[in-house]
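Below is one structure; the comments refer to it alone.
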Amino acid sequence: MLNLVPSEPGQPRGQDLLTGLNASQAEAVANITGPLLIIAGAGSGKTRVLTYRLAYMLRNGVAPQQILALTFTNKAAQEMKERIGHLVGEQTARAIWAGTFHSIFARILRQYAERIGYTPAFTIYDTDDQTAAIKAVMNQLGISQQVLPPSGVRNRISSAKNTMMSWQEYARSAKSVVEQQTGQIFEQYERRLRQSNAMDFDDLLNATIVLLRDNPDVLATLQDRFRYIMVDEYQDTNRSQYTVISMLAARHGNLCVVGDDAQSIYRWRGADIRNILDFERDYPKATVVRLEQNYRSTKTILAAAHSVIKRNSGQLKKDLWTDNPEGEKITVLACRDDREEAEMITRTIRSRMASHNYSPKDVAILYRTNAQSQALEDAFRRSNMAYHIVSGVSFYKRKEVKDTLAYLRILVNPDDSESILRVINEPARGIGNTSIERIQQYAAQNNLSFFAALNQIDRIPLMQGRTIKAVSDFMSIINRHRELINELSPASLAQAYIEATGLPQMYKLQQSEDSLDRWNNIERVLDHIAEQQELNDELTLVTYLEQISLISDTDDPQMGSNRISMMTMHAAKGLEFPLVVIAGLEQGLFPLAKAEQDPDEQEEERRLLYVGITRAREQLVLSYAEQRYRFGEITFSRPSMFLAEIDKDTIAPSGRSMTGTTVTQQRPQKAPFQPTQGRVPQRPSAVEHNEYSQIPMPKRYTSASQPKNRNVPSAGTPSMRVGQRVKHPMFGPGTISAISGAGQNEKATVLFDNGQRKQLMVAFARLEIIG
DNA sequence: ACTTAGTAAATTCTC
DNA sequence: TTTACTAAGT
């Protein structure tokens, strides 16, 4: 910890913080009043500058409570808090308001919920909840989901909200039929969420704007509380975020924004690059500091990155340079297919680790889409290399976990219709679709929330006696436990309540391996609540649920473990590794097919590649495959246009081998690759990696334990093999032409004698062995 | 009302 | 390859 003894009066304190910084870094740190724009090139020590700047402020008399630091990911917020903690002590660091836009504003909104017509227990809807609400609304309006896909509606509504457009404005400007219908759905969607006492992610920002706009006293309070505001990744802010920031900073004007327009990669979710481009116009008195010295990468890597990004138009002027050595040239791996690509990547990584003494945590593989991790995982598992995947299927997206959380949400906010609908018949209670339809209709007609309608179940027409009984039993579980909210701790309440719903029992009784894992996952959620309660004795179910809603898949606690990382380039933002591999540089994949036509999209893809390249400190490897499995089918593609854009001088020459694949030149002193030689076998790591906090990854889904051997029948059904004659009750006799999957997922492709070809699940289809 | 079998569709990225 | 929805069967 640095010393906090005040220095001579009249002179700024904390000069010691400035030593060891370059001139522009020091300027950024010492400039704590007034508007400040920091243009921070990749690897220019941005995080260091930000944390030092905060420390400098604290040293000069700013109270930690007066500082608001906004980031985009929990990861970034976490890292910032930690590093400030080292500088000024944890106590002080904790008092700073640092977090994501969404989490900070959720916190503020809970405090003032009544002012905008919500209760403090409002639910935060994630993407799935939104889609569910939209489907329900479309149903109600009689709009077909075939004609108008709900996900598209969701996207249009979200982008409208990102630009702070109300449903009235949207409906007014709607031209096409699609837009008009979206307008109708938008209106009902907004009504439904309000009735559910729920907000989606976009609402968290827009509701804050409304709160500040309509309540001058709240605005004044918050402006005075947050006298110093700092925004990271400013190039990724959208209209709403921009507006909130402007409102909060209007009084004191101590606004510091940091960003790099070259790294703007979230246009698709409403990020408006103009926010950073126009900062100087918005704040004419702004100081502008450019951090242009890169401390991260070799000259070669920086040159490659520059040769790519210079093709984009409309950049803020900046010249990134480095004192670092020239470094090694970039390797390009040309591969036949995705499988070979994965193999070559593992081989390349293995040999570089040996020759450069890298440990696994020094290496990252980056790709455009999450689906690409599959082939890589297989290859890594085969060669026993420790890896972990950032993101992937989150623990919280599993059905049983979502159901459990839905039950808990109902407890704190019974008006949450989406959650009730999710679990009202889970486990089956005899409340079927027909009844639910009727209740929904009644709710809509009488302008009630679903829960309120359930309370009047005996007044709803056409209800069967049995259904009424089932509904009142369901209601009594909820009501009984609602009365205990102030009696019991969150953990014990959750425990008793979830037990009472019968959800865990349902899985436990099924006794299949699958359902036992699900039961286990429910237990893990309950354990997790207990753990969190231990850590924070002020924990409530409301704050717990909020915390869960706002974490993301990139918040990976295993980051520190010594493994090779695999992630999307989006997830890699802000990270750095000595050795970086970027896979799948193919036309149609990177850039994505839909970007090929649209120049704006193409520029965004190019920025994404720029982000990817600049993650590398010493070595960069790029790869592409001529064909790969996509949507379960082989597709062919040409190398990415981006490969041709990279300065040739930065790329190592390569030679074509007989097989048509490229073998990069081996460095002379290095021995040829030897498979798994001298390696201590390690357990495949995917099994252990967890998504967040103390919740371990469930065994199921990740149990890569049984390798998926194609064309090899699983042990349970030894007689299913290619060429086997079988008989199906409906399709008649036929011959198995292919087998895929294993165990429960084993599928047989059967060519029936009548000429039909079908893919059947072996476990379900009643295939009879004949011949 | 619920289960099951089969088909269709989806796969970008995040809070 | 996996999931999500629909239609038919129990």
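Quick note on labels: first sequence line is chain A, next is B, and so on, each numbered from 1.
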Open item on the list: For a 4.5 angstrom cut-off between non-hydrogen side-chain atoms, does A:Asn312 reach A:Ile309?
Closed with: yes
Open item on the list: When you measure from the side-chain N and O atoms of A:Asn425 to the phosphate of B:dC2, is any distance below 4.0 Å, counting only OP1 and OP2?
Closed with: yes
TODO: Flag as yes if A:Tyr266 stacks onto the base of B:dC13 (centroids under 5.5 Å, planes under 30°), otherwise no.
DONE: no
- [ ] Determine the contact category for A:Phe101: base if any of its heavy atoms lies under 4.0 Å from a base atom, sugar-phosphate if only primed atoms, P, OP1 or OP2 are that close, otherwise nothing.
- [x] nothing
- [ ] Scan for salt bridge (charged side-chain N to carboxylate O under 4.0 Å, His left out) pairs involving residues 426-435 of chain A, sequence neighbours excluded, and state none if there are none.
- [x] A:Lys399-A:Glu426
Open item on the list: If the condition is ring pair (Phe, Tyr, Trp, His ring centres under 6.0 Å), which residues does A:Phe72 pass it with, not counting sequence neighbours?
Closed with: A:Phe101
- [ ] With heavy atoms under 4.0 Å as the rule, sort A:Ser435 into base, sugar-phosphate or nothing.
- [x] sugar-phosphate
TODO: Remember a base hit wins even if backbone is also touched, and classify A:Thr127 as base, sugar-phosphate or nothing at under 4.0 Å, heavy atoms.
DONE: base
- [ ] Could you tell me the separation between the CZ atom of A:Arg398 and the P atom of C:dT2, rounded to a whole number of Å?
- [x] 13 Å
Open item on the list: Would you say A:Asn370 places a side-chain N or O within less than 4.0 Å of OP1 or OP2 belonging to B:dC13?
Closed with: yes
TODO: Taking the side chain as every heavy atom from C-beta outward, state whether A:Lys75 and A:Leu575 have any pair of such atoms under 4.5 Å apart.
DONE: yes
Detail all sub-3.5 Å separations between protein N/O atoms and N/O atoms belonging to nucleotides 5-8 of chain C.
unit_1 : atom_1 : unit_2   : atom_2 : d
C:dC5  : OP1    : A:Lys135 : NZ     : 2.4

Task: Separation of the P atoms in C:dA4 and B:dC13, to the nearest angstrom - done: 16 Å
